[in-house]
Structure formats: structure tokens, C-alpha cells
Amino acid sequence: MKRARRAGGKSNANRAVFHVIFFGSAKITHHAAPTYLCGMERQLSEQEQFRRGALEALRATGMNPFPAAEVPVSHLASQIKEVYPTNPEALADVCVAGRVMTKRIMGKASFASLMDSSGRIQIYVNRDELCPEEDKSLYNDVFKKHLDIGDFIAVKGHVFTTQTGEISVHATQFWVLSKSIRPLPVVKKDAEGNTHDAFSDPELRYRQRYVDLIVNEGVKDIFIKRTKVFSTMRDIFNRAGHLEVETPILQPIAGGAAARPFMTHHNALDIPLYLRIANELYLKRLIVGGFEGVYEFAKDFRNEGMDRTHNPEFTIMEIYVAYKDYHWMMDMTEKMLEEIAIAVTGSADISVGGKNISMKAPFARVPILEAIKTHTGLDLLGKPEEEVRAAAKSLGLQVTPEMGTGKMIDEIFGQKCEHHYVQPTFITDYPVEMSPLCKRHREDDRLTERFELFINGNEIANAYSELNDPLEQRARFEEQLKLSEKGDDEAMFIDQDFLRALEYGMPPTSGMGIGMDRLTMLLTDQSSIQEVLLFPQMRPEKTD
RNA sequence: GACUCGAUAGCUCAGCUGGUAGAGCAAUACACUUUUAAUGUAUGGGUCCUGGGUUCGAGCCCCAGUCGAGUCACCA
């Protein structure tokens, strides 16, 4: 009953729209009446006033500038361009809908281009075909005067090619779907493909991402590719039988990483809560619980500085697989990244900032102390803290007394080695002090079974053979506590529940986190994280 | 957090030595029935980021602030 009534209402509305548009014919005078300025808190620009005038003028013809009815779209712009060259007869009666992006009026004939989700298509409108009767107001007033760049319209007609060879829709009917009352930046491209008057101010582009997506070619494509990165990775994991899960974002202890958290408060429980900085400890609890492969695309939050590669909220994919080690994880990762690169860019060879990078597996594997030896000549394997400190100083690094061996080695690698690894390289076997959640190396207990993957000099992934000895894990947390007392504000908290879980027993497990934003930056050749986030964090706009 | 650069019309940008605020696109009006950065003619459009100061006079010089970009620091 309810459904039937709704369906009936819809088709009536459809008829009503056609009726008012094609038969309404009030004489239109164009001026910006002051009535619709009443109650506006903001001074309107001249162009906004003209557009509100056009909106009222459309209403004065009896037309609804914001009709409710479903639009009977038959083709996307891209489909028309695809089909026409081989089968033009199939396009004798099409209906396309989209946003008006350009308008060229040439007296009794006009061109406009419509943009839909697939791209642009030109439409051609001829006065006497649109208005075969005496009354030419639909063309002279509605199309020529009240239709603006940015408006949504639909047109019906047949597809043809113009004298200059452009596939176009020869419109015999059109109707307004939604009026735009704010002028859009008009970005033009010339015959040589040069862009003119680009909408390029980064502040405006990020704050008004909707405008950026409309007028800047290629922006949509970055986000389509971003989604492709996620969906390809998800497919690979699902194919392997791993389970996608969700774990808490509000956590009583922000664990699993070294970072300053955002803090919030739960009113009913009257307790502080933290926004997660990682989900590692929760996913490992699930391995304890008997799942053998779990993963999550997790929004993490870190209350730290913002720059070209850091946004306060960002996305990490973490995966944990039981009975595997970090060698297995490297094998899996390199194959996966090759597959994703091909899926997203069409090739395993990608170009990043003018550099050619091969994402073809296998990737190089270099122990961190070997990397330091190669790039500094210093052999730090098994060296006591004082010797490492002296080495760091000799390399011109700032070292403080509270920095342990691990931190200093990390510093040396970061400053002197990291940027050399442009081609994908697994840096392995980090000192145990830097990796409190990672299992000791099976052959050298000063090291851990850990790797970080570097591509284009940036860290993309971080993985371990996970530490599953509950007593050693407790001891490592206690080491962190000491670091914290020494003044390291990033040292980890002790998560007692996580330790309790490990005490029940966790199978040998390998885990990895991949920075999804940075992976997307790499695969879309973007040097700023803001270009791969739809809505990057910004300071609030001033409101007056 | 430090340093550098920037903010002028809807968009992109000029603006000289401190002397009435400029261009292109967009807009408005007219012309133009296959154009495409359409074209031609005419016209309108400004809190020069904000607040102080110097000066007869500030878009421009000085001070403070806001917002953004870049570099560095921080950041597994």
C-alpha cells in the first residue's frame, strides 16, 4: 500500500515537471529584486545577486528550479563517446544529465558542456528545434539568460558530430534540475592542453573540496585510485581467508604505538578515554581468541604536528596472521604491493616525483646495521651504548643522555640512510630497544625480527614477528616505563589486559601495519598528504 | 614550535619611488543558427586579510594578530 502510493506520487511528479518546463511561458524580466536579500547575514556579490535573480525568474515562469522527480538518464557522457564511433544509430534518442560547465551562445544556436560522473559531453541547442512554436521564451529567456555555469540540467536528443568533429548531443528538450546560486571558478583548457585560470589556491581547494572536485581535472581520479588501493588490498586479504574486523577507536589506554593521543571524556562512565593511536593490541587479542588472520583499515589519531606527510587523523591497515613470521610477511607484502600497483596504475613500474620506482617483487632486504655500515662506514653491531653515542655524535647528530641505543640507531638510520632507499627495500632486524612489541631475533637476541619497508625514502610499512612471551612482554613494557620516567613522553603505557590475554597464550604470529595515506601518495605521485585526503584537517574558518 | 613566502574583483594574478584600484577569465546588455580558451561592441563589479602606527596622504612603510604554503624541528 505504502509502496504503491509512493510510486504513484513519483510518476505524477515526473509529469508535472515536464508540463511546467515545456509549456510554461511567462514573460520574464531579469533584475535582482531585493526581496530575496532579506534576512541574509552576508553581503552578496553582484554575481550572486544576478543568480538569485535568475532563480526567481525561473520560478516566475512556473518552473521548479529544484524538482523532485527522478531523472530518466539513459547514458553517461563516457558511454556516448564510446558507443558513437561504432554504433551511432543506438544513440538516436538519449537523455543525459549533469552540471553545465561551459556555455557558448551564438545567437539562435548555442553550445554548452555538461559534466557528469564520467566526464564531459557537449550539447547543441537550436532555438527553432527547442521551440518549434511561436513562443521562443524557453530558448531566449530560460536557456540563454537564466541558465548559468554550475546549474544541473538534463537534455534529451540525438547524438551527432559537429563540423569540428566533436561528439555532441543535439538537444530537442532540456530541463533544469538544480540551480546554482554561487559562481564556480571557470577553469579553461586551450587547444595545446594548457590550463588557464586554474583554481589553485591550496587553502580554497582543501576547504572547498567540492569545488576542487568539480573544476580541477584529475582530483577525482586521485580519490578513485585511493579507493582502488583499499579495495585491491581488501580483495587480496579476503582471498587469503583473513577476516576484516573492527576494534575500538575509544580506548581507555592508547597503546600499540609511541605517540601522543587525543583525549576525551565519557560522561556516563565518567572516565577519560583516548582516541586510538594504533589497533595492534586489540588485533593481537583476537589472535589469542582464535582467529588466525585478522585485519582492519583503521583510522588512527595522533595529537602531533601537521605537515606534508602528517594529518592528525590518518589510516593504517594492520594485519595479523597466526603461525607466520616476518619472512613470510615480507614475501606476502612484496607480492601484494606489486599487485596493487598494477591494479591502480596499470604497471608495476611507477613514477614518483620524476623518479622511476619498480614495485616488482621481490624487494631488497637489508638489516638496519648493515644499512648504517654501508652509508656511514660504522659497524655498530653489539656495540655498547657509549660507543653508539660517540658514533652518533661523530655523525653530527644531536644526542641527549636519555636516548638509549635503540633510539640513537633509529636516529642514525633516519638521518643518514633512510633517504637512500628509493627502490622498495625491507630494512630488517632492528635493535631490541626500539621495538617493545617485537619478538627477539632467533639468531641474535640483541635484535628483533622486525622490518620496515622504505619506498622513495619514506616508511610505508612496519612489521614484526610478534612478541608472544607474556613475561618478556611485561618486562619490555617495564623498560618503556623507565624510559617514560627518564622523560620520553612517547614511551608506551602498560596495558594489563593485553598482558593477561598473552598469558592465556598467543600462537606465533606475524603482524604488519601499512600507512594507507602514504601508500596512496606513492601510487598517485602526490607529495602532500592533503592531496590524498578528501577533507584534510584545517584550522576553522573565520566566521563573521 | 622556529624561519621564509603569501593574502588585492567570483577565479587566476599585476600594481612603479607612498599620490583617484588594474588585466584576463567569469558576470550584465546587444549582435551572431555547428562553436569549443567561440567572437565582436559596450557596461558593472573592491572591507586591497584584521587591528593599530608613521605620513598632508598607505594596497605599498612600521608594529601586532589571523589564515595558508614551503623549509626545519617534532612525529616508529
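Per chain, numbering begins at 1; letters A, B, ... match sequence-line order. Every heavy atom of this structure was used, including side-chain atoms; hydrogens, water molecules and symmetry mates were not.
- Per the geometry, CG belonging to A:Leu44 stands 14 Å off C1' belonging to B:G45, to the nearest Å.
- For A:Arg276, the salt bridge (charged side-chain N to carboxylate O under 4.0 Å, His left out) partners are A:Glu296, A:Asp300, not counting sequence neighbours.
- Scanning RNA chain B for stems, defined as runs of 3 or more consecutive Watson-Crick or G-U wobble pairs whose donor-acceptor distances all fall under 3.5 Å, gives the following ranges: B:1-7 with B:66-72, B:10-13 with B:22-25, B:27-31 with B:39-43, B:49-53 with B:61-65.
- The salt bridge (charged side-chain N to carboxylate O under 4.0 Å, His left out) test applied to A:Asp325 returns A:Arg442, not counting sequence neighbours.
- For the C1' atom pair drawn from B:G10 and B:C5, the interatomic distance equals 25 Å after rounding to whole Å.
- Contacts of A:Arg104 classified as salt bridge (charged side-chain N to carboxylate O under 4.0 Å, His left out), with partners at least two apart in sequence or in another chain: none.
- Between the CG atom of A:Leu130 and the C1' atom of B:U34 there is a distance of 16 Å, rounded to whole Å.
- The salt bridge (charged side-chain N to carboxylate O under 4.0 Å, His left out) search around A:Asp429 returns none, not counting sequence neighbours.
- You'll find the ring centres of A:Phe301 and A:Phe314 outside the 6.0 Å limit.
- The CD atom of A:Gln49 sits 16 Å away from the P atom of B:A27 (whole-angstrom rounding).
- Between the CE atom of A:Met306 and the C1' atom of B:G70 there is a distance of 14 Å, rounded to whole Å.
- Rounded to whole angstrom, the span from the CD atom of A:Gln208 across to the P atom of B:C11 amounts to 8 Å.
- Nucleotides B:C13 and B:A29 have their P atoms positioned 29 Å apart, rounded to a whole Å.
- Two rings, from A:Tyr295 and A:Tyr320, have their centers 6.0 Å or more apart.
- Atom CE in A:Met101 sits roughly 16 Å away from atom P in B:A37 (whole-Å rounding).
- Using a 4.0 Å heavy-atom criterion, one finds that A:Phe314 contacts no nucleic acid atom at all.
- With distances taken from any side-chain atom of A:Asp128 to the nucleotides B:A37, B:U34, B:U33, the minimum falls on B:U33.
- Contact check of residues 192-207 of chain A against RNA chain B (heavy atom, cut-off under 4.0 Å) returns A:His196, A:Asp197, A:Ala198, A:Phe199, A:Ser200, A:Asp201, A:Pro202, A:Glu203, A:Leu204, A:Tyr206, A:Arg207.
- In summary, the side chains of A:His327 and A:Glu449 do not present any donor paired with an acceptor at a separation below 3.5 Å, with no hydrogens or angles considered.
- The side chain of A:Phe111 lies closest to B:U35, out of B:A76, B:U35, B:C11.
- When distances run from any side-chain atom of A:Gln163 to the nucleotides B:C74, B:U35, B:A26, the shortest one goes to B:U35.
- Side-chain atoms of A:Ser113 and A:Thr102 include a donor-acceptor pair closer than 3.5 Å.
- With sequence neighbours excluded, the residues that form a ring pair (Phe, Tyr, Trp, His ring centres under 6.0 Å) with A:Phe413 are A:Phe454.
- When the P atom is used for both B:U4 and B:A76, the distance is 29 Å, rounded to whole Å.
- One interatomic measurement links the two molecules: NE2 of A:His170 to P of B:U35, which rounds to 14 Å at whole-angstrom precision.
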Task: salt bridge (charged side-chain N to carboxylate O under 4.0 Å, His left out) between A:Arg440 and A:Asp445, worked out - done: CA-CA 5 Å; A:Arg440 279 183 203 270; A:Asp445 68 2; 5.1 Å; no
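- With sequence neighbours left out, A:Phe363 forms a ring pair (Phe, Tyr, Trp, His ring centres under 6.0 Å) with A:Phe426.
- Taking atom P in both B:G19 and B:A27, the straight-line distance is 34 Å, to the nearest Å.
- The NZ-P distance, from A:Lys145 to B:U28, rounds to 10 Å in whole Å.
- Nucleotides B:G18 and B:A58 have their P atoms positioned 14 Å apart, rounded to a whole Å.
- Counting non-hydrogen atoms under 4.0 angstrom, A:Arg302 reaches nothing in the nucleic acid.
- Each of A:Ser528 and A:Gln122 has a nearest nucleotide on RNA chain B; the 5'-most of these lies closest to A:Gln122.
- The side chain of A:Arg127 contributes no N or O atom lying less than 4.0 Å from OP1 or OP2 of B:U33.
- Side-chain atoms of A:Tyr124 lie closest to B:U33 of the nucleotides B:C74, B:A76, B:U33.
- Between A:Gln49 and A:Leu44, the closest heavy-atom pair is NE2-O, 3.0 Å.
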Protein and nucleotides 38-44 of chain B: nitrogen or oxygen contacts under 3.5 angstrom:
| from | atom 1 | to | atom 2 | distance (Å) |
| --- | --- | --- | --- | --- |
| B:A38 | OP1 | A:Lys188 | NZ | 2.6 |
| B:A38 | OP2 | A:Arg104 | NH1 | 3.3 |
| B:A38 | N6 | A:Ile105 | O | 2.8 |
| B:G44 | O2' | A:Glu46 | OE2 | 2.7 |
| B:G44 | N2 | A:Glu46 | OE1 | 2.6 |
| B:G44 | N3 | A:Glu46 | OE1 | 3.2 |

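- Taking atom C1' in both B:G45 and B:A9, one finds a spacing of 6 Å when rounded to whole Å.
- Side chains of A:Gln251 and A:Tyr282: no donor on one and acceptor on the other come within 3.5 Å.
- Proximity of a side-chain donor or acceptor of A:Thr315 to a complementary backbone N or O of A:Asp517 within less than 3.5 Å is not detected.
- Side-chain atoms of A:Glu166 stay outside donor-acceptor range of the base of B:U34, with no qualifying N/O pair under 3.5 Å.
- Taking the P atom of each, B:A64 and B:C48 are spaced 22 Å apart, rounded to whole Å.
- Contacts of residues 421-439 of chain A with RNA chain B (heavy atom under 4.0 Å): A:Met434, A:Pro436.
- Under the ring pair (Phe, Tyr, Trp, His ring centres under 6.0 Å) criterion, A:His196 pairs with no residue, sequence neighbours left out.
- Residues that satisfy the ring pair (Phe, Tyr, Trp, His ring centres under 6.0 Å) test with A:His375, not counting sequence neighbours, are A:His420, A:Tyr421.
- Rounded to the nearest Å, the gap between the P atom of B:C62 and that of B:C16 is 14 Å.
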